[in-house]
Amino acid sequence: MKCKRALSPSGLPGIDYALNPYGGCEHGCVYCYGPEVTHTDFREWRIVRVRSNIAERLAKEVPNIEGTVGIGTVTDPYQYAEKRFMLTSQCLEVLRSAGLRIHVHTKSDLILRDLDIISGMKGEVGITITTLDEKVSHITEPGAPLPKRRLEALKELTCAGVDTYALVGPVLMYLEGKEVEFVEAVASTGVRRMCVDRLNLRPLLSQRLERMGVRGSTSALEKIRHIAGDRGIEVTDVF
Ligand code: SF4
């Protein structure tokens with residue numbers, strides 16, 4: 001599909017404009033806020049709409065803006081479609097030429113393909129990790145790369161000097177009793193910041209998770225907050 005505008009103003013903290021090259025997300029996480037935010041039926045959320053002209057539109061818009069562009073505020077900019085269409089990569093090139101600051105958020109190690117571009121830009125990258133358990137990841141994030149690959153990506157980005165953080169969220173019941181092991185795995189990547197997310201239960205999401213028997217865990221979240229703090233990792237809350 002063709003888009004009329006590449007950027008939309010963002011109300012997210014620290015982000016002035018939102019950029020989402022894809023509509024819908026193949027990762028299909030059961031806890032995704034995207035369907036509700038975009039008024040999309042969850043069953044259709046994994047149908048991806050490719051905004052094929054987004055980089056050209058962006059090139060026309062960047063001369064008139066300043067601030068930080070959030071890439072992947074509603075959908076993952078490195079979902080599998082990106083391997084084929086490379087729109088996120090093209091948009092990064094445009095933003096780099098314009099000298100704009102970026103805030104990229106993903107669950108995919110495909111981001112490493114663009115490490116050369118990102119490492120030369122101002123900004124930060126967040127990688128989401130919600131579990132170390134591959135079975136749990138298959139159930140809750142069925143289309144996303146496994147946690148091990150995300151940890152490796154976080155490590156490689158951090159080692160390359162990119163300002164990184166681990167987005168731990170939402171914190172689900174599966175982390176209960178595994179908090180120490182989890183924080184140690186995240187800390188082993190060298191990341192110095194962690195952003196934790198309490199499950200934000202919107203009505204339809206709440207029904208979906210209830211049907212699946214999935215719930216958030218405040219106790220695991222608080223334990224993770226303390227363990228990470230003790231290891232010198234700065235912990236903040238999402239929004
Ligand atoms: S990766 Fe993000 S946008 Fe995609 S389905 Fe999962 S939570 Fe939603």
Side-chain angles (χ1 to χ4, degrees), residues 8 10 12 15 18-51 54 69-85 87-88 91 102-114 124-154 157 164-175 195-209 211-212 214-216 221 237-239:
S8 51
S10 171
L12 296 171
I15 295 178
L19 180 79
N20 290 285
Y22 304 99
C25 185
E26 295 159 89
H27 291 167
C29 308
V30 296
Y31 51 74
C32 184
Y33 303 142
E36 286 212 294
V37 171
T38 59
H39 310 290
T40 306
D41 189 305
F42 181 67
R43 287 164 296 190
E44 290 174 15
W45 183 243
R46 292 179 83 176
I47 300 170
V48 180
R49 292 170 301 286
V50 178
R51 297 181 174 135
I54 195 163
V69 176
I71 305 176
T73 56
V74 186
T75 62
D76 199 310
Y78 286 100
Q79 54 181 297
Y80 293 102
E82 172 61 14
K83 205 166 189 175
R84 176 173 166 200
F85 296 101
L87 297 178
T88 299
C91 288
I102 53 167
H103 186 145
V104 187
H105 178 215
T106 183
K107 274 192 178 87
S108 174
D109 56 344
L110 180 58
I111 191 172
L112 294 176
R113 183 200 61 194
D114 293 340
E124 60 191 302
V125 172
I127 305 261
T128 302
I129 302 162
T130 60
T131 179
L132 301 178
D133 187 321
E134 296 192 355
K135 259 197 217 157
V136 169
S137 183
H138 274 307
I139 294 166
T140 58
E141 307 156 336
L146 290 170
K148 189 165 170 272
R149 283 170 53 192
R150 296 184 224 166
L151 287 167
E152 284 165 4
L154 191 54
L157 287 158
T164 54
Y165 69 94
L167 175 54
V168 182
V171 177
L172 300 176
M173 63 202 199
Y174 305 103
L175 282 176
C195 205
V196 289
D197 182 19
R198 196 176 296 275
L199 184 62
N200 181 350
L201 278 176
R202 296 154 190 266
L204 290 175
L205 173 61
S206 175
Q207 289 167 20
R208 188 160 81 233
L209 294 184
R211 277 198 303 274
M212 296 186 69
V214 176
R215 60 171 172 79
L221 185 144
D237 290 283
V238 170
F239 318 133

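Note that the structure is predicted; figures quoted are calculated from it, not measured. When a ligand or atom number is given, it counts from 1 through the structure's own listing order.
- For Lys83, the salt bridge (Lys or Arg N to Asp or Glu O under 4.0 Å) criterion is met by no residue, not counting sequence neighbours.
- In this structure, Arg49 is not positioned above the aromatic face of Tyr22 in the sense of NZ or CZ being under 6.0 Å from the six-membered ring centre and within 45° of the axis.
- The nearest protein atom to atom 7 (S) of ligand 1, hydrogens excluded, is given as Lys107 NZ, 3.4 Å; this is a heavy-atom distance.
- In this view, Ile47 and Glu44 satisfy the side-chain contact (heavy atoms from CB on, under 4.5 Å) rule, not counting sequence neighbours.
- Below the 2.8 Å limit, atom 8 (Fe) of ligand 1 has as protein N, O or S neighbours Cys32 SG.
- Remark: Ala153 pairs with Asp109, Leu112, Ile127 by the side-chain contact (heavy atoms from CB on, under 4.5 Å) rule, at least two apart or across chains.
- Under the 6.0 Å cut-off for aromatic ring centres, Tyr78 and His105 do not qualify, their centroids lying 6.0 Å or more apart.
- With a 4.5 Å cut-off on side-chain heavy atoms, Glu36 and Leu205 count as touching.
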